[in-house]
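Following: one structure in structure tokens, then a few remarks.
Start at 1 with the first residue, then count along the sequence. As the structure is a computational prediction, the values presented were derived from the model and not from experiment. Atom set for the values below is all heavy atoms of this structure, side chains included, hydrogens, waters and symmetry mates excluded.
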Amino acid sequence: MLWPLDYYHPAVRKMLEAYLTEAGGRWKNDRRVLMYITAWEPQLSGGPGGYGQWPIDIRSPSALGAFHEYLQGKFATSERLNETCKAEYKSFEEIAFPPDIVAGPAPERGGLVSALQTGRCPPLYYEFNRFVKDTYADYLAWCYRALKKADPTHPVAISPSYGSLDGYLCTGRDSFLWAENACDIYGSELGGSMEEVFQYSIKRILGRTTVCMEYIWNESVNISDPPEEVVRAAVRRNAWRMAAWGRSAVSYFGAQDTYGGSGFNNMLVFESGYHLLRRCAGMIERIRRELRSLEDVWLGAPVVAPRIAMLKPSTSQICSWPWDIVTNVTQSLHEMLYSRNYHYAFVPEEYVLSGKEDLGHFDVLILPYASHFPPGLTEKILPWVRSGGTLEIGR
């Protein structure tokens, strides 16, 4: 969301329900409407106070009450919580939020960072971050249901941003939960080839339509402002690369938007003082014709099933420090595979645990800095290894 919004508060939910119901009723059956987008670059209820930093308003009184309810629903009794978390709480109501890992008070934050660095993630810290991810996904799913109830005639999309995988913790992002329960169309802002594989993986498991909402068509070639023939080649390469990964729709970014300076990612040159089409803008229409001419192939032909799986280690993404180390290691592993044309898919650890994903479909499973396992995951992986599967540890 683009403004502070305590979505845990019942008054806010009531206001939003009225808004979504009115919007759905207004545009129902309107052919001019392509889709709704409920969350564009969503990052909880406010902008981060710094790179990777929690927004202050995530720790509201309403959120604390929701956290207590979440823990009670998961552990049932404070005795069971204490046994799991090695604590001595007399009730759920006396539990406070853990310190902010980025901007918390120095002594408490220092102790938390030290624990994470040595692989000793405090259980309550893990539960808090899992609570944020789960309840934010629940909120977006609630928005989806309210809008679809008012207007079942149009699809609903979500367009996350802020890094591949699930970004940094303060966004509260869980991509597979969002794709499964909170949208008809799962979008992204292209962050490179790893994002393509990630979206393909979502489409592969969940069957969701996947879209690139902001496709900067000549990135990252455009950064150096190269000659026109280089940009043209990049446009043609990137357009076909997107189609090859089973993308169902692409929105070309840069028709008017510009970040100015040396970005060179806009088709209209605002810096010139008047709107002139940039060189290579005409390539968009040509590529559209080329893609349309083979639309039955790239929309209908399946992508070859991969035999390599990359675990999406949700537990490690919370429990590791620095907070972005899992994403960084995954990116390095991706570049090794992608540059050699090794086809792979991301597999969430939750889906392995639930049986939604069968490791028998794969010959190789790569663990990208999977420093922590949720209970039961070892018992799923070991039989697969004993039956001939190859386990690779990436660090």
Side-chain angles (χ1 to χ4, degrees), residues 4-9 43-139 162-163 165-174 177 313-327 349-350 369-375:
L5 186 67
D6 185 357
Y7 57 85
Y8 293 104
H9 200 289
Q43 48 177 317
L44 294 170
S45 50
Y51 190 59
Q53 181 177 323
W54 285 103
I56 299 301
D57 48 340
I58 191 60
R59 298 167 179 267
S60 68
S62 299
L64 184 59
F67 185 41
H68 294 157
E69 292 179 6
Y70 177 86
L71 293 173
Q72 188 166 7
K74 186 170 185 176
F75 295 100
T77 65
S78 57
E79 290 78 12
R80 186 179 174 191
L81 170 71
N82 289 334
E83 181 181 353
T84 302
C85 297
K86 305 296 188 292
E88 297 181 354
Y89 296 110
K90 296 179 180 179
S91 69
F92 290 102
E93 286 69 27
E94 68 177 83
I95 298 175
F97 287 133
D100 190 306
I101 187 63
V102 173
E108 293 87 347
R109 176 184 176 275
L112 177 56
V113 171
S114 177
L116 295 177
Q117 285 179 329
T118 54
R120 297 176 292 108
C121 177
L124 196 63
Y125 172 79
Y126 170 80
E127 295 297 342
F128 167 70
N129 285 286
R130 193 64 258 174
F131 152 77
V132 172
K133 286 174 174 283
D134 290 348
T135 54
Y136 193 32
D138 288 344
Y139 160 67
Y162 307 106
L165 293 183
D166 287 335
Y168 42 83
L169 285 178
C170 71
T171 64
R173 176 176 167 185
D174 189 308
L177 270 181
S314 305
T315 305
S316 299
Q317 285 183 283
I318 293 175
C319 297
S320 298
W321 183 260
W323 52 264
D324 56 352
I325 190 168
V326 172
T327 299
E349 61 187 29
E350 297 90 342
Y369 206 89
S371 57
H372 296 74
F373 273 8

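In this structure, CZ on Arg80 lies 12.0 Å from CG on Leu71, to the nearest 0.5 angstrom. The distance from atom OH of Tyr89 to atom OG1 of Thr77, rounded to the nearest 0.5 Å, is 14.5 Å. Atom CD1 of Ile95 is separated from atom CG of Leu64 by 9.0 Å, given to the nearest 0.5 angstrom. Atom OG1 in Thr135 sits 7.5 Å away from atom OH in Tyr70 (nearest 0.5 Å). Atom CD of Glu349 and atom CZ of Phe373 lie 8.0 Å apart (nearest 0.5 Å).
Smallest separation of non-hydrogen atoms from Arg59 and Pro98: NH1-O, 2.7 Å. The two residues Val326 and Ser320 have their closest heavy-atom pair at CG2-OG, 4.1 Å. Taking every heavy atom of both residues into account, Val132 and Gly172 meet most closely at CG1-CA, 4.1 Å. Across all non-hydrogen atoms, the minimal contact from Lys133 to Leu169 is CE-CD2, 4.0 Å. When every heavy atom of Asp174 is checked against every heavy atom of Arg130, the shortest pair comes out as OD2-NH2, 2.7 Å. Residues Arg120 and Ser114 come closest through the heavy atom pair NH2-O, 4.2 Å.
Ser314 places a side-chain heavy atom less than 4.5 Å from the side chain of Glu350. Within the 4.5 Å cutoff, no side-chain heavy atoms of Trp321 are placed close to those of Ile325. Residues Asp100 and Glu108 form no side-chain contact, since every pair of their non-hydrogen atoms from C-beta on lies 4.5 Å or further apart. Counting only heavy atoms from C-beta outward, the side chains of His372 and Cys121 approach each other to under 4.5 Å. Side-chain contact between Ile101 and Leu116: present, with at least one pair of heavy atoms (C-beta onward) separated by less than 4.5 Å. Considering only heavy atoms from C-beta on, Leu177 stays 4.5 Å or farther from Asp138 through its side chain. Residues Thr84 and Pro123 form no side-chain contact, since every pair of their non-hydrogen atoms from C-beta on lies 4.5 Å or further apart. Using a 4.5 Å cut-off on side-chain heavy atoms (C-beta onward), Asn82 and Phe75 make no contact.
Residue-environment remark: CD (Glu94) exceeds the threshold of 12 foreign heavy atoms within 6.0 Å. More than 12 heavy atoms of other residues, nucleotides or ligands shown are found within 6.0 angstrom of CD on Glu93.
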Evaluation steps, side-chain hydrogen bond (donor to acceptor under 3.5 Å, both in side chains), between Ser91 and Ser78: CA-CA 6 Å; Ser91 69; Ser78 57; over 6 Å; no
Start with the C-alpha distance between Tyr8 and Phe131, add both sets of side-chain angles, then the distance that settles ring pair (Phe, Tyr, Trp, His ring centres under 6.0 Å), and finish with yes or no. CA-CA 12 Å; Tyr8 293 104; Phe131 152 77; 5.6 Å; yes
Checking Tyr126 against Thr315 for the side-chain contact (heavy atoms from CB on, under 4.5 Å) test, could you report, in this order, the C-alpha distance in whole Å, the side-chain angles of both residues, the deciding distance, and whether it holds? CA-CA 8 Å; Tyr126 170 80; Thr315 305; 3.8 Å; yes
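For Phe67 and Phe92, the distance between ring centers is not under 6.0 angstrom.
Side-chain atoms of Asn129 do not come within 3.5 Å of backbone N or O of Ile318 as any donor-acceptor pair.
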